[in-house]
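Worksheet for the structure shown next.
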Amino acid sequence: MLLIPCPWCGPRPENEFHYGGEAGIVRPPDPAALDDAAWGDFLYMRSNPKGLHRERWRHQYGCGRFFNATRDTVTDRIAGTQKP
Amino acid sequence: MTQSYRLPSGGRIARGREVGFRFDGRNYAGYEGDTLASALLANGVHLVGRSFKYHRPRGILTAGSEEPNALVTVDRAGGRGGGRRTPNLRATQIELYEGLDAVSQNRFPSLGFDLGAAAGWFAPLLSAGFYYKTFLWPPAFWSRLYEPAIRAAAGLGRAPTAPDPDRYVHQYTHCEVLIVGAGPAGIAAALAAASAGLRVMLCDEQAEPGGSLLSETGLGETGATIEGKPAALWLQDALASLEGRVTVLPRTTAFGWYPDNMIGLAERLTDHLAELPPGQPRERLWQVRARTVVLATGAIERPLVFPNNDRPGILLAGAARSYANRWGVAPGRSVVIATADDSAYAAALDLHAAGVTVAAILDRRRQPGPIAETARAAGLIVRAGTWVEGTSGRKRIASVAVSAGQGTIECDTLLMSGGWTPSVHLFSQSRGKLRFDPMLGAFLPGEAAAQVRSAGACNGVFGLQAVLESGYAAGGGIAPRAFAVSGSVMWQPSPGAPPDAPHPAAFVDFQNDVTTKDLAIATQEGFRSIEHVKRYTTSGMATDQGKLSGIQTLATVAGLLDRPMSDVGLTTYRPPYTPVTFGTLAGTARGPLFDPIRHAPLHDWAVAHGAVFEDVGTWKRARYFPQPGESLRAAVARECRAVRDACGIFDASTLGKIEVVGPDAAVFLDRMYVNDIASLPVGRCRYAILLGEDGFVRDDGIVARLAEDRFHVTTTTGGAAGVLHTMEDYLQTEFPELRAWLVSTTEHWATIALQGPQSRSILAPLTEGADILAMPHMSVRICRVAGIQARLFRVGFTGEAGFEIAVPSGHAPALWDTLIATADPTPYGTEAMHVLRAEKGFIVVGQETDGTVVPADLGFGALGRRKRDHVGKRSLSRTDILRADRPQLVGLLTADPAVVLEEGAQVASGSSVVGHVTSAYWSATLGRSIALALVADGRARVGQTLTVPIPQGAKSQGAIPVSVVAPVFLDPEGTRLHTHVEAPSLRPCPPADFAIARGHPSARRLIVRAAPTATTAIGLALGVLLGSVPNRAVRGRDRAALWLGPDEWLVLGPGGDVGSAESGPMAGVVDVSDRFETVEVSGPDAAWRLNGFCALDLAPHTFPVGMCTRTLFGKAEIVLWRTAAETFRIEVARSLTPYLRLCLEQTEG
């Protein structure tokens, strides 16, 4: 069980958290202005890197906040977490 | 034959206490302190098993958990139908107790005469990968003959089929130092760590801590002493000094390393006892989070590889020394020793001193070193530069053929030592890199990937003094400590000499019957990766996991491929180190504790009135209320008729509820839902659909506007948590500028649906503060019903005029009783609810939708055409979503009205499948079956006849003709929504209930969600400071505010008015008094008990008095608050209280 450092609550066991996918995928301010391909990219295209990955977690069974984490997808090591 | 191989003295056994046991139906005697293996050897029993593939006779090879051969099945009384039968236990680990009943495995009819041994004649057919190439034809034989025959002939013990009667528990714990292995290195590490005042745990898989020290006599030239004391005495003193400072866990295997220094320990609590203490758990799974892990796991002696190296009577030298010194057992009368290093000499000298004939020591080394001189001085024959060429004997070794034609030596026992392999399993699991040490011919811990230190033999340190010193250093000893040691014989590896030369047809993996020849076949057939060789040959599989076979497999493969061992590498070490029972892993999560079983507030009434329940998520919901002798269909028909003709009453409490508060609440909901919420007037409700950004329907419910800035939103029963999560996501990350706050009120409000033309006339006399006659369809009023504060919704899911009354959950039984007492409406269950809604074509998310359905598919196309953006809107105009041939919701009517379709059945047009049935019921109202279906381009097919094929194998084959109709079967104009009739006779409401209900709750709970600027004002109004320190509770005069999140507090206090604490522009205050119940856990073991289910570190310095947090207790979300040193207060959702209490019961004692 990973130990994930919540920016508010400190290190907590993984089962208190909910994974939130890649970080930095911002909802377009005017979705109607996007063509199908661009909207499809927003919906589905993710970087899926081998190595450091910026991703979102929510401390669901804790403070309830979403935050960003940098995790190495090879080692599962979390390099750091930040308040949004 | 009674313990005729027991030495006259010595050993750590209790010679005064004889223990009777059975093996394969024969009675034997041993002593307390024996293992099954040592007791069998004391009785001269070596043959204990038949090998996996060839059914070769096999004996006890080792004295520890690495034992590959002596696998037995132990059965115990009390487990009916074999429920306590445990297969594949290693006899070397089974502690003897009175009445132990063990049987050998993989033999028929008996160990001595095994028909399966004929497999040996077919050995050429069974070599590596045989199942890929030997039994290929004819294919019809694969499943009928070959596989069953091979499975029957090969294998380990039989698993029990009956339920396990024992109890298993879990425990989370935290420590600064966890030491794995209580041999000399581990003990020294514990001495160092304990002196630093840390939480220290020391575990060992054996019954007694001490490791190799337990096999020291403390006598003579080979008996180790430490600091002037015999090893055993030193050990006793060391353990005494650790008492109270270190948690010592014997019979506890550290079986796996999990991320961030979480170690899984399996503790065996009762298997060694003759009488099982009632109620005591059998095994405990520890999940230990350790800041530092000290690995002191020792080393495993290597077998030698020579032809017929697997006969009974052949043991590892170190094991034989343990049997003699620790258990007072001679492995035989006449012993030959084959070695390539010094350590086997200790066994030779100790056995010689114990009176056993040591016929010869065959030492591969030409110049064996000083220890050989000591042996010669003791009168032993050392034949340097010789080795074993082969052995003879059938069920026991009879002689050894010496290399280079130096004749044979008769013996009944052969002891071998090919050096020692450090046990790096856990280090490797921690993702540490292993490095090959050519001097040791083994892998050692290299660069660490975790906070871990390896000490002693597992780190390649040999020799007792060095081991103790490395252990002390690894334990964090501030200053190095020197340990004066004498009499220790250490393993001195011979540089450059591989453990052994590959030899044709010698066993490398005893347990899986893998020989050097099998490995040769694998490499000839092109397997190069050691991982592939392992899978092709099965070397290192089963309980062995490479403990004995790993390094020999590697050495052999490296030789065959002519590559250095460091290049070939090891196979991956995976947990578990030794087998862990399913019971241990499951713990208490079985039966009623597998998942919480949640009951709605009216559950007890439903039970008392004969309801049949169904599982909806983790909820139990009443499916129907059969009267005596009534079938499901008859009961549902009666319940449906009551709703259509008179009035039905239904418990809708499990529906999710979210309170959305704040000046921007309307804007927020407008962006979330497909529907126009911004324009919803106060007092009105709207059916609303929630999409994902992909445009697919995720959930639906009713959005009710209670005030300009306050909404009561319902979700589906199963979707409640997910919808709240999604809404929080948007509020926190996409729309953080919106001043809106969310609070789950699912369990605060119970919802009673009163549906049918009489419902209004029943409710009217009970309602205060709302003009019920003036309430239009889809409206809401805050009022009192039967004296209880209520949110009264004129909504329904039946197509009838009807109401849903939400009252605080604690008052729901009183309201329900009042309604029943005054008007006797007919209770109906979820089955009737489904029929009623299907007659009206109302969808159920998850039934009519499957994650690929957009609103237009369901006939809600108009909703997607609003101008303002909302979640998922853009996706609704994607090209694929606009295709005409998308599945669309339609009704299906069978040609034969009596036939009810199967839900999920395919719908076909000619030979092509065009859709599937989503709901199908018998409608008593319509006197025929009805069905809803998703059919491609379905709305254009209305009027067509399609078919529903009946699957092959069904009693009647063929296809059911169905005609496509609009998906509303009853009252398409909706006139029934406005049809009211008077209830015939209403009884007056008992006044007593009013009085009770008018009182305030005894405990008031509020969720305050507020921006930092609003906390002071709300705090003043509540009389308690809303603190900003995370996870801290602040106590006020009579209330406490528990920090749950940076904008969220749970305010606990007495009942009564909460003054002027109101939601302002920057805050949302929501009463959740009835959502939670309070459970207090107190006493000296309170933290320990909570850690049975809660993974947090609850030590006083990490979770001090005043700390609070939302967390998980098993599978239940709780708010945990330490109110005093030994008292924790838990706030838990009321439906989870029974689960929580059941879990806590498991932690008692």
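Quick note on labels: first sequence line is chain A, next is B, and so on, each numbered from 1.
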Do the side chains of R71(A) and E14(A) get close enough for a salt bridge, i.e. N-O under 4.0 angstrom? no
Using a strict 4.0 Å threshold on nitrogen-to-oxygen distance, state whether R874(B) and D36(A) make a salt bridge. yes
Given a strict heavy-atom distance threshold of 4.5 Å, which part of D729(B) is in contact with chain A: side chain, backbone, both, or neither? both
So which part of S877(B) gets closer than 4.5 Å to some heavy atom of chain A, the side chain, the backbone, both or neither? backbone
Please state whether the side chain, the backbone, both or neither of N1031(B) comes within less than 4.5 Å of a heavy atom of chain A. side chain
In terms of heavy-atom pairs under 4.5 Å with chain B, which of D30(A), D76(A), L34(A) leads? L34(A)
Residue R27(A) versus chain B: region with a heavy atom under 4.5 Å: both
If I take atom CG from residue L691(B) and atom OG1 from residue T726(B), how far apart are they, to the nearest 0.5 angstrom? 11.5 Å
Honestly, the part of W39(A) sitting under 4.5 Å from a heavy atom of chain B is side chain
Distance under 6.0 Å and angle within 45° of ring axis: R671(B) vs F735(B): yes
Just by modelled atom types, is the R54(A) backbone N or O under 3.5 Å from a matching donor or acceptor in the N68(A) side chain? no
Top contributor to chain A interface from R878(B), R289(B), M262(B) [non-hydrogen pairs under 4.5 Å]: R289(B)
Kindly determine whether R12(A) and I4(A) satisfy side-chain contact (heavy atoms from CB on, under 4.5 Å), including the steps that lead there. CA-CA 5 Å; R12(A) 292 293 196 98; I4(A) 299 174; 6.0 Å; no
What I want to find out is whether D1047(B) reaches R65(A) closely enough, with some N-O distance under 4.0 Å, to be called a salt bridge. yes
Non-hydrogen atoms of chain B under 4.5 Å away: do they reach the side chain of L3(A), the backbone, both or neither? both
Check each atom of R431(B) against the heavy atoms of chain A and say whether the ones under 4.5 Å are side chain, backbone, both or neither. side chain
Would you say the rings of H18(A) and F66(A) are close, in the sense that their centroids are separated by under 6.0 Å? no
Interface check, chain A: of D1097(B), I1118(B), T1111(B), most non-hydrogen pairs under 4.5 Å belong to T1111(B)
In terms of heavy-atom pairs under 4.5 Å with chain B, the winner among G64(A), P13(A), G62(A) is G62(A)
For T733(B), is it the side chain, the backbone, both, or neither that has a heavy atom closer than 4.5 Å to a heavy atom of chain A? side chain
Can you confirm whether C1143(B) sits close enough to T588(B) that some side-chain heavy atom of one is under 4.5 Å from a side-chain heavy atom of the other? no
In terms of heavy-atom proximity below 4.5 Å to chain A, should E734(B) be classed as side chain, backbone, both, or neither? side chain
Heavy-atom distance under 4.5 Å to chain B: side chain of H59(A), backbone, both or neither? neither
Measure I25(A) against the heavy atoms of chain B and call it side chain, backbone, both or neither at under 4.5 Å. backbone
Distance-only side-chain donor-acceptor flag, E693(B) / S875(B), under 3.5 Å: no
